[in-house]
Amino acid sequence: TSGQQSWLSAGLRRDKSVRGAVDKLDLSTLLARCRVGDELAWEAFVYRFQGRIYALAYSYTGEGEDARDLAQDIFIRLYESRTKWADGDEFLPWLIHVARNRSVDFLRRRKVRRPAASVREDEGFQVPDDRPTPEDAAVATSQRSVLRAALADLSALSREILVLRDVHGLSVQHVAE
């Protein structure tokens with residue numbers, strides 16, 4: 001991991017050009033360009049989905065460092081299998097399914113390797129945004145804390161269903177699968 005450039009931070013290096021590319025490319029075009037190995041398209045892909053993948057990874061690990069490692073692993077697997085990606089409306093549910101499976105595998109490996117270490121709740125990967133005001137940042141932090149506390153009170157299955165449906169926007173049918 002340390003020898004490789006993080007896929008997450010690589011997607012942020014040229015953030016202005018990438019943001020422009022992301023805004024101009026529809027998903028089908030972006031996926032088609034990624035499939036043929038277009039590096040800028042891959043960077044735009046990572047930029048577009050890094051927050052969602054990191055959030056999903058964090059919802060499983062509960063730890064910032066593990067979530068970053070897991071998100072990077074998910075992006076590596078996605079890159080390696082880019083010629084087999086789902087198309088159109090099926091892409092996002094497929095992406096979430098792949099990320100979920102990698103997350104479950106990660107948790108299985110972690111149980112075998114070592115117990116989870118405690119991490120401060122406010123520790124986490126922050127994707128740069130359009131510079132919210134300090135007030136907006138404080139409100140968002142408070143809301144995240146309340147949400148994390150509420151999610152922690154749910155069973156693992158209920159939490160997973162809620163995150164897949166309400167956070168990632170999957171249909172009830174896709175969540176059921």
Side-chain angles (χ1 to χ4, degrees), residues 1-16 18-19 21-23 25 27 30-31 34 39 41-82 85-86 91-110 116-132 136-137 139-152 154 156 159-170 174-175:
T1 312
S2 61
Q4 292 179 315
Q5 175 66 32
S6 170
W7 289 102
L8 297 176
S9 62
L12 298 174
R13 278 188 308 223
R14 292 183 273 171
D15 63 330
K16 287 187 179 182
V18 171
R19 282 184 197 186
V22 169
D23 291 341
L25 288 179
L27 183 59
L30 181 62
L31 296 178
C34 284
E39 288 182 30
W42 172 250
E43 193 170 327
F45 176 86
V46 170
Y47 183 80
R48 182 178 284 186
F49 291 105
Q50 67 186 349
R52 181 169 285 197
I53 296 298
Y54 174 80
L56 183 111
Y58 190 89
S59 75
Y60 280 90
T61 66
E63 301 178 17
E65 188 64 33
D66 281 345
R68 279 189 291 276
D69 288 347
L70 178 55
Q72 181 170 327
D73 181 58
I74 291 166
F75 278 110
I76 289 169
R77 298 292 181 182
L78 288 168
Y79 185 81
E80 292 171 347
S81 67
R82 68 189 179 278
W85 288 355
F91 178 75
L92 185 57
W94 175 85
L95 175 67
I96 299 302
H97 179 77
V98 168
R100 180 201 172 279
N101 287 347
R102 296 297 306 161
S103 298
V104 169
D105 289 346
F106 176 86
L107 291 178
R108 283 186 196 131
R109 287 191 312 268
R110 183 170 74 175
S118 63
V119 176
R120 292 190 340 250
E121 187 173 307
D122 63 344
E123 183 177 306
F125 182 76
Q126 298 287 326
V127 177
D129 58 10
D130 295 332
R131 297 182 186 241
D136 290 341
V139 168
T141 299
S142 176
Q143 290 172 339
R144 279 192 301 271
S145 295
V146 169
L147 180 60
R148 283 188 190 130
L151 287 173
L154 296 173
R159 183 172 44 252
E160 182 176 7
I161 290 169
L162 183 71
V163 168
L164 291 175
R165 174 72 179 122
D166 294 327
V167 175
H168 296 290
L170 295 184
H174 283 112
V175 171

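The first residue of the sequence shown is numbered 1, and numbering continues consecutively from there. The figures here come from the full heavy-atom set of this structure, side chains too, leaving out hydrogens, waters and symmetry mates.
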* To do: Spell out, as yes or no, whether a donor-acceptor pair under 3.5 Å connects the side chain of W85 to the backbone of L78.
  =>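 Checking the backbone N and O of L78 against the side chain of W85, a donor-acceptor pair under 3.5 Å is found.
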
* Asked: R148 side chain to S145 main-chain N or O, any donor-acceptor pair under 3.5 Å?
  ->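 It does not hold such a pair.
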
* To do: Specify whether W42 and F45 have parallel, tilted or perpendicular ring planes, treating 30° as the upper limit for parallel and 60° as the lower limit for perpendicular.
  =>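 Taking F45 first and then W42, their aromatic rings lie parallel (interplane angle under 30°).
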
* **Geometric cation-pi criterion R109 and F106, 6.0 Å radius, 45° cone** =>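 Relative to the ring axis of F106, which defines the angle, R109 lies outside at least one limit.
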
* **Any side-chain heavy-atom pair of I53 and L95 under 4.5 Å** =>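 Yes, side chains in contact.
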
* Asked: Does a side-chain N-to-carboxylate-O contact under 4.0 Å join R77 and D73?
  ->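 So R77 pairs with D73 through a salt bridge.
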
Nearest 0.5 Å please: distance from the [atom1] atom of [X] over to the [atom2] atom of [Y].
X	Y	atom1	atom2	value
D105	R100	CG	CZ	9.5 Å
I74	D69	CD1	CG	11.0 Å
Q50	R68	CD	CZ	12.5 Å
L70	Y60	CG	OH	10.0 Å

Looking at every heavy atom in both [X] and [Y], which two are closest together, and how far apart are they?
X	Y	answer
L56	I96	CD1-CG2, 4.1 Å
A86	F91	O-CD1, 3.4 Å
A57	S103	CA-OG, 4.2 Å

